[in-house]
Amino acid sequence: MIRVRFAPSPTGYLHVGGARTALFNWLFARHAGGTFVLRIEDTDRERSTDEAIEQIVDSMRWLGLDWDEYYRQAERHDRHLEAAESLLRSGAVYERDGAWWFRVPEAGATVVHDELVGDVRFDNDQLKDFVIRRSDGTFVYNFVVVVDDVDMAITHVIRGDEHLNNLPKQMRIYQALGHPMPLFYHLPMILGPDRGKLSKRHGATSVLEYRDRGILPEALVNFLVRLGWAHGDEEVFSREDLVRLFTLEALNKSAAVFEDAKLLWLNQQHMKRADLGALLGLVEPLVVARGRVPEGMWTEGGSDRLLAGLALLRDRARTLRDLAAAMEMLFPVPIEREDEATISPLQGRLMRVLADEIERIESWGAKGLEELFRGTLARESATLKDVALACRIAVTGRKAGPGLFEILSAVGPAVVAERLRAYAGAMSA
RNA sequence: GUCCCCAUCAUCUAGUGGCCCAGGAUACCGGGUUUUCAUCCCGGCGACAGGGGUUCAAAUCCCCUUGGGGACGCCA
């Protein structure tokens, strides 16, 4: 039975590097039908906070990484003490200055095995004796991580590269405790665009910031999994695809640079593939949060019309936030105008005539609208080119967007007529 | 400084000795589709860090150099 764990220390938010580690563990567990454990490593009482735990949990939930078991390391103190005492009795550990020290022989070497890297040799003179229990009675990471992994019957430890140097110490503890070791996979780091440590000066590093920017969790998951994992030439994966295809053998062992360009592209791909109804549910709070569209108006909006508008607008957005901004045009409210146009007297007259015709139209729809426009303009000896851009800007506030008749159809006759008249009046030269 | 890890286009990567004068994706540039924009389609640009070996044959194996990253706590 496969058992893996993600063991963050709650000293800050969950960053994208940690999220990828969690993701690989989760995917491996779900692929193999194993168990995924979330273990909060809060033995550093000074730096651990409840807010951080909450943020980590929120981040994991948002990403859709559900866990089967949950532990707080600080609550396992008795068990750690028990294990440490056994080592004290066996002589593997001794006390000095109130702290408990683990004994490491000065000669020879410790060879550890990583499934990705292979055998790695450390000379013992590098290791030296180390503390497992502080003089205040609390235990140190390198010790509790081993005791917990043993107790929780962890079979595969998938964690960040920075822990590879800890493995020889941990291996000696496993041996002193008399337990076989799990398999280890040390993941290469995620770097910033300057190939240095990924940090805030490169942009967002927190998972929740990506949520707030309007990134879909499945897009972030897709992006993160590709940092160190690939499946042939495929790029876009659903969560189900990943669970089905993920294997540890396909893991890469070199560090990857985190650049958002591809994340934005993946976000668009996932928005294009999303269920329209579900996507509508996701943008609703974002539209309301912008302040122009009151909450009640959303439900009266007519969901078919909104779905039609959403279908047109989503291909033109890279984030949920962009999409929410565009969705405003579908409601009878003053819209944000990104582009303006001056309206000639001829255009103004044509727009008013069109507005009148639109209020009288019998069958509303893109097709009917096109006939109406072409018919009306022909009678006025004008062409679509004369008014298309002006009408687009009047109704949508933008000079670029979906097909004119499609988007007008989604906005609805009353609002279209009103915006046409208002804009023709306001912007007349 | 010592120890450890890593090294294919700007970026993510495919590639596990011959199928590779290296394939895909993003970004960028051009073209097509579109009244516009986006999507979509087509094309272009662009890499095996360097040097030695091993081999009939090396991006793939070995060594060195260089470069990048990480660890050296009574932090995790």
Side-chain angles (χ1 to χ4, degrees), chain A residues 7-12 40-44 46-48 73 96-101 112 114 116-118 120-123 125-128 130-145 159-169 186 188-198 223-236 249-250 252-266 268-269 271-272 312-318 322 326 339 370 373 383-389 391-393 396 398-405 407:
Chain A
S9 64
T11 54
I40 304 293
E41 310 233 316
D42 53 352
T43 52
D44 181 353
E46 299 290 303
R47 299 199 301 148
S48 300
Q73 206 160 44
R96 193 216 303 163
D97 298 329
W100 292 13
W101 294 74
V112 299
D114 176 274
L116 261 23
V117 178
V120 184
R121 176 195 172 91
F122 295 85
D123 288 330
D125 55 13
Q126 296 286 128
L127 262 40
K128 302 189 192 123
F130 57 93
V131 169
I132 64 161
R133 191 189 193 201
R134 304 181 184 95
S135 45
D136 69 0
T138 59
F139 290 96
V140 165
Y141 168 75
N142 275 124
F143 178 68
V144 293
V145 73
R159 74 216 313 190
D161 220 355
E162 67 272 18
H163 291 291
L164 182 57
N165 290 289
N166 289 142
L167 192 48
K169 289 180 182 176
H186 288 93
M189 291 199 65
I190 296 180
L191 273 23
D194 59 359
R195 296 220 139 249
K197 201 169 194 146
L198 186 62
F223 177 72
L224 288 176
V225 81
R226 288 287 289 103
L227 261 30
W229 181 86
H231 187 260
D233 286 344
E234 288 178 54
E235 293 289 348
V236 183
E249 289 69 38
N252 213 79
K253 54 180 179 174
S254 53
V257 170
F258 188 106
E259 277 196 345
D260 334 288
K262 200 163 186 171
L263 172 60
L264 259 4
W265 174 76
L266 278 169
Q268 185 171 40
Q269 294 301 312
M271 285 201 294
K272 281 162 62 70
L312 295 171
L313 263 10
R314 68 166 162 183
D315 281 351
R316 293 163 175 81
R318 298 218 132 188
D322 294 346
D339 300 298
E370 179 160 9
F373 264 68
T383 67
L384 191 53
K385 273 212 167 70
D386 295 327
V387 291
L389 185 63
C391 289
R392 174 187 295 288
I393 289 177
T396 70
R398 304 169 179 212
K399 66 183 177 197
L404 183 61
F405 307 117
I407 191 63

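Naming convention: chains lettered A, B, ... in sequence-line order (proteins, then strands); numbering from 1 in each chain. Just so we're clear, the structure is a prediction, and the values are computed from it rather than from any experiment.
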Suppose we define a pair by two distances each less than 3.5 Å, Watson-Crick or G-U wobble; what does B:rC74 pair with here?
none
Reckon A:Leu389 touches a base, only the sugar-phosphate, or nothing at all at heavy-atom distances under 4.0 Å?
nothing
Under 4.0 angstrom, heavy atoms only, what part of the nucleic acid is A:Glu235 near: base, sugar-phosphate, or nothing?
base
Value for CD (A:Gln269) from CE (A:Met271), rounded to nearest 0.5 Å, stands at 10.0 Å
Give one of base, sugar-phosphate or nothing for A:Pro193, where a contact means two heavy atoms less than 4.0 Å apart.
nothing
Would you mind classifying the nucleic acid contact of A:Ser254 as base, sugar-phosphate or nothing, using non-hydrogen atoms under 4.0 angstrom?
sugar-phosphate
What is the nucleic acid contact for A:Asp114, judged by heavy atoms within less than 4.0 Å: base, sugar-phosphate only, or nothing?
nothing
Does any donor-acceptor pair link the side chain of A:Asn166 with the base of B:rA76 at a separation under 3.5 Å?
yes
Give one of base, sugar-phosphate or nothing for A:His163, where a contact means two heavy atoms less than 4.0 Å apart.
base
If you assign A:Arg392 and A:Trp229 each to the RNA chain B nucleotide with the nearest heavy atom, which residue ends up on the more 5' nucleotide?
A:Trp229
Which is true for A:Thr138 with a 4.0 Å heavy-atom rule: it touches a base, it touches only sugar-phosphate, or it touches nothing?
nothing
Please tell me whether A:Phe130 and A:Phe143 form a close aromatic pair, meaning their ring centres lie under 6.0 Å apart.
no
